[in-house]
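These notes concern the structure reproduced below.
Numbers restart at 1 for each chain; the letters A, B, ... are given by sequence-line order, proteins then strands. In what follows, every heavy atom counts, from backbone to side chain, and hydrogens, waters and symmetry copies are set aside.
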Amino acid sequence: MLRKKIAAIIEGALDQCRAEGTIPHDLHISPFIEIPREEGNGDYSSNIAFSLAPKLRKSPQEIAGILIRTMTLGGICEKIEPAGKGFINFYIKDRTWQDDLRLVCDQGISVLYPDAGMGKKVLIEFVSSNPTGPLHIGHGRGAAVGDVLAHILNRTGYHVVREYYVNDAGRQIETLGESTYLRWKELQGEKIDEYPKHLYQGEYVRDIAALLAEKGIKIPETEGESVKVMSVFASDEVMKGIVADLEAFGVHFDNYFRETSLFDRNAVNETLEFLKKKDYAYEKDEALWFRTSLFEKDEDRVLVKSDGEKTYFASDIAYHRDKFYRGFDILIDLWGSDHHGYIPRMKASIEALGKDKDALKVLLIQFVTLLKDGKPVGMSTRSGEFTTLREVMDEVGRDAARFFFLMRKCDAHLEFDLDLAKKTSNENPVYYVQYAHARIESIFRVAGENGFDMESVKNADVSLLSVKEEISLIKGILQFYAVLDGSARSFEPHRITFYLLELVGKFHSYYNKTRVLVDDAGITSARLLLLRILQEVIRDGLQILGVSAPDKM
RNA sequence: GCGCCCAUAGCUCAAUUGGAUAGAGUGUUGGACUUCGAAUCCAAAGGUUGCAGGUUCGAUUCCUGCUGGGCGCACCA
């Protein structure tokens, strides 16, 4: 918001210089404006003089001096100063900040939501774990990241749909059926010499087999038929568990898209026909291949195996084609980082469908290392020694789990310290944020008890907020706009987490230094107004993260 | 062997996408509750940003080559 006004001040000076002939008429450079790291360097800063220097053959300092002389304060700046080797620093008036706070108070927090999406439709597909076993902690990370990203995009002008792709066709489901069949036979009293290693080892398979008997499901005569029945039954049961876990984790999907539905509608065959017609697919060694190499630096990949079975890649193309059919402008896929080798062929297939490959944005979720007593806990779905999302939630709670998942860039390794997440102490960062929210609420309680009319606070005189820390807090509140904007444009949900920690740090510091409820009713009122909006931003930020904002703790 | 990601304070991580003196938390040391919640705050200490070059006014960020770690390279999912 202010950034645009700063840009206008610079543009004004450039125009002036062009008119005076200090700068050639045909020279146009769009100024880059940033917020300096150090507060001493002003509220905004521009490096425009550096960009102009080689073209004007003058030193950056000299150019900065000329520009500043021709600049106006634009009604928002206290002063504009040259600094360093050619930076131009803008110092904003307290009054400007106060006016903006007034604006947020009058118009609501949504004025801090930037319109980055401009109404574009986004499909965000995440988790999409095969229904062959419960969600483990890695899926939990993907669930948290996807959910939070959806919240962010929802606030920044996108239409978002959350979707879970259910791989309910294929070999793995069959393996689950086989596993269930064997466990079922065990329960029938049959001796199984050795339970094969390639089958699912988890305890949940036994539970499902038991449920089968409990529900009186009719089992066919032959093994082949039985496995088919059990594949469907078992994967449905597992899926129910997954949905329940996700809901408990606070993640709700708009749509569960079944892979089998693509086959039911003949969508996979249609897609393959399309590719063949375009000559993007060819037959070799009795298999059907996709010409990945035509679009990307990658090898050609098999769509239909020589035994006639279709690969996952084939249905994946059909699935993404379907997404475009449904009118989405941007497709976001969250994958485990071990699938990164899959990106080129997927991008290639998008191009083959005649779409822009940049319409597909793949976010890779790096693995989570779970630490217990400072030592890593191993996990693998097959072996059954995984740690489930449910277990982690039960142990550390939903708030801590979600917060921890969002403290890292999603493509960076995450060390999840169970002991730390479990601590209800100051070492746990999630409490740091929640505590601020509760603390502000507590101030409101006391103010109310002292007979302060909280309704009248809305009309407080914001110009009474003149303490350095108060101006800093206002800046922090207004920064929400830029953080949301950057977070949405870069698809980086973790920025919200860092922002909240920083914002809340400013508050705690202010709280310890300055009393809010003082004798002067005007000042008290103004401070309560500031905290009211601050609390609203904290609450909204926590809501984005899917973390609760308690009034007491 | 080829490709992708990572390497920053003792530990876990940031650094506004190329900006100014590289910042937090944690741990260590010392301090602050008769007043709105001490799950908090203040201060000190902690660095050749893995190594070596290159690009330029300026590099943790971009390029090249090493070293070390993770992950991929199926007619698997």
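- Side-chain atoms of Glu415(A) lie closest to rC13(B) of the nucleotides rA77(B), rA15(B), rC13(B).
- Between Lys409(A) and Glu492(A) no salt bridge is recorded (no basic side-chain N to carboxylate O distance below 4.0 Å).
- rC2(B) is paired with rG72(B) under the criterion used here, namely a Watson-Crick or G-U wobble arrangement in which both key atom distances are under 3.5 Å.
- Between Tyr435(A) and rA39(B) there is a side-chain N or O to OP1 or OP2 distance below 4.0 Å.
- Rounded to the nearest Å, the gap between the C1' atom of rC62(B) and that of rU49(B) is 16 Å.
- Interatomic distance, Asp300(A) CG to Thr292(A) OG1, rounded to the nearest 0.5 Å: 5.0 Å.
- Base orientation of rC41(B): anti (glycosidic angle beyond 90° from 0).
- A gap of 30 Å separates the C1' atoms of rA45(B) and rG58(B), to the nearest Å.
- Closest non-hydrogen pair, Trp289(A) versus Lys284(A), comes out as NE1-O, 3.1 Å.
- Judged by the 6.0 Å and 45° rule, Arg439(A) forms a cation-pi pair with Tyr511(A).
- Across every strand in view, rG47(B) sits unpaired, with no contact that passes the Watson-Crick or G-U test at under 3.5 angstrom.
- If you measure from atom CG of Leu414(A) to atom P of rC5(B), you get 20 Å, rounded to the nearest angstrom.
- Separation of the P atoms belonging to rG53(B) and rG72(B) is 35 Å when rounded to the nearest angstrom.
- Each of Ala412(A) and Phe367(A) has a nearest nucleotide on RNA chain B; the 5'-most of these lies closest to Ala412(A).
- Atom CG in Asn512(A) sits roughly 11 Å away from atom C1' in rG37(B) (whole-Å rounding).
- If you check distances only, the side chain of Ser45(A) does reach the base of rA20(B) with a donor-acceptor pair under 3.5 Å.
- The side-chain ring of Phe87(A) is not stacked on the base of rG19(B), judged by centre separation under 5.5 angstrom and plane angle under 30 degrees.
- Glu309(A) and Arg171(A) are joined by a salt bridge, as a carboxylate oxygen and a charged side-chain nitrogen come within less than 4.0 angstrom of each other.
- Checking the phosphate oxygens (OP1, OP2) of rA20(B), a side-chain nitrogen or oxygen of Arg37(A) falls inside 4.0 Å.
- Note: OH (Tyr432(A)) to C1' (rG25(B)) measures 9 Å, nearest angstrom.
- Base engagement by Asn41(A) is indicated by at least one non-hydrogen atom pair under 4.0 Å involving a base atom.
- A gap of 16 Å separates the P atoms of rA9(B) and rA24(B), to the nearest Å.
- Within the nucleic acid shown, Ala53(A) has no heavy atom closer than 4.0 Å to any nucleic acid atom.
- No donor-acceptor contact under 3.5 Å links the side chain of His339(A) to the base of rG72(B).
- At whole-Å resolution of the value, NZ in Lys506(A) and P in rA24(B) are 12 Å apart.
- Not one side-chain nitrogen or oxygen of Arg445(A) sits closer than 4.0 Å to the OP1 or OP2 atom of rG37(B).
- Donor-acceptor pairing under 3.5 Å, judged by distance alone, is absent between the side chain of Asp338(A) and the base of rG72(B).
- Protein atom OH of Tyr511(A) is 10 Å distant from nucleotide atom C1' of rC33(B), rounded to whole Å.
- Because its glycosidic torsion is within 90° of 0, rU17(B) is reported here as syn.
- Counting non-hydrogen atoms of neighbouring residues, nucleotides and ligands closer than 6.0 angstrom, the CD atom of Glu39(A) reaches no more than 12 such neighbours.
- In this structure, His494(A) and Ile443(A) both approach RNA chain B, and ranking their closest nucleotides by distance from the 5' end singles out His494(A).
- Base pairing annotation: rG23(B) forms a Watson-Crick or G-U wobble pair with rC13(B), both donor-acceptor distances under 3.5 Å.
- rC36(B) and rC41(B) are spaced 15 Å apart, taking the C1' atom of each and rounding to whole Å.
- Below the 3.5 angstrom threshold, one finds a donor paired with an acceptor across the side chain of Asn89(A) and the base of rA20(B).
- In terms of phosphate contacts, Ser306(A) brings no side-chain nitrogen or oxygen within less than 4.0 Å of OP1 or OP2 of rC75(B).
- With C1' as the reference atom, rG25(B) and rA77(B) are 40 Å apart, rounded to whole Å.
- As rounded to whole Å, 14 Å separates atom C1' of rU17(B) from atom CG of Asp485(A).
- Judged by Watson-Crick or G-U wobble contacts below 3.5 Å, the nucleotide rC36(B) has no partner.
- Residue-level contact check: Ser59(A) touches neither bases nor backbone, having no heavy atom under 4.0 Å from any strand.
- Pair check for rG53(B) finds rC63(B); Watson-Crick or G-U wobble, both atom distances under 3.5 Å.
- Put simply, the side chain of Leu27(A) reaches to within 4.5 Å of the side chain of Leu56(A), judged on heavy atoms.
- Separation of the C1' atoms belonging to rA20(B) and rA59(B) is 13 Å when rounded to the nearest angstrom.
- Separating the C1' atom of rA7(B) from that of rA15(B) is a span of 16 Å, rounded to the nearest Å.
- Atom CZ in Arg495(A) sits roughly 12 Å away from atom P in rA14(B) (whole-Å rounding).
- As the counterpart of rU8(B), no nucleotide is assigned, since no Watson-Crick or G-U wobble pattern has both distances under 3.5 Å.
- For rC42(B), the OP1/OP2 oxygens have a side-chain nitrogen or oxygen of Ser509(A) closer than 4.0 Å.
- The only member of Phe257(A), Tyr312(A), Phe313(A) that meets ring-ring contact (aromatic ring centres under 6.0 Å, His included) when paired with Tyr319(A) is Phe257(A).
- Rounded to an integer number of Å, the gap from CZ of Arg532(A) to C1' of rC36(B) is 17 Å.
- Between the base of rC71(B) and the side chain of His340(A) there is a donor-acceptor pair shorter than 3.5 Å.
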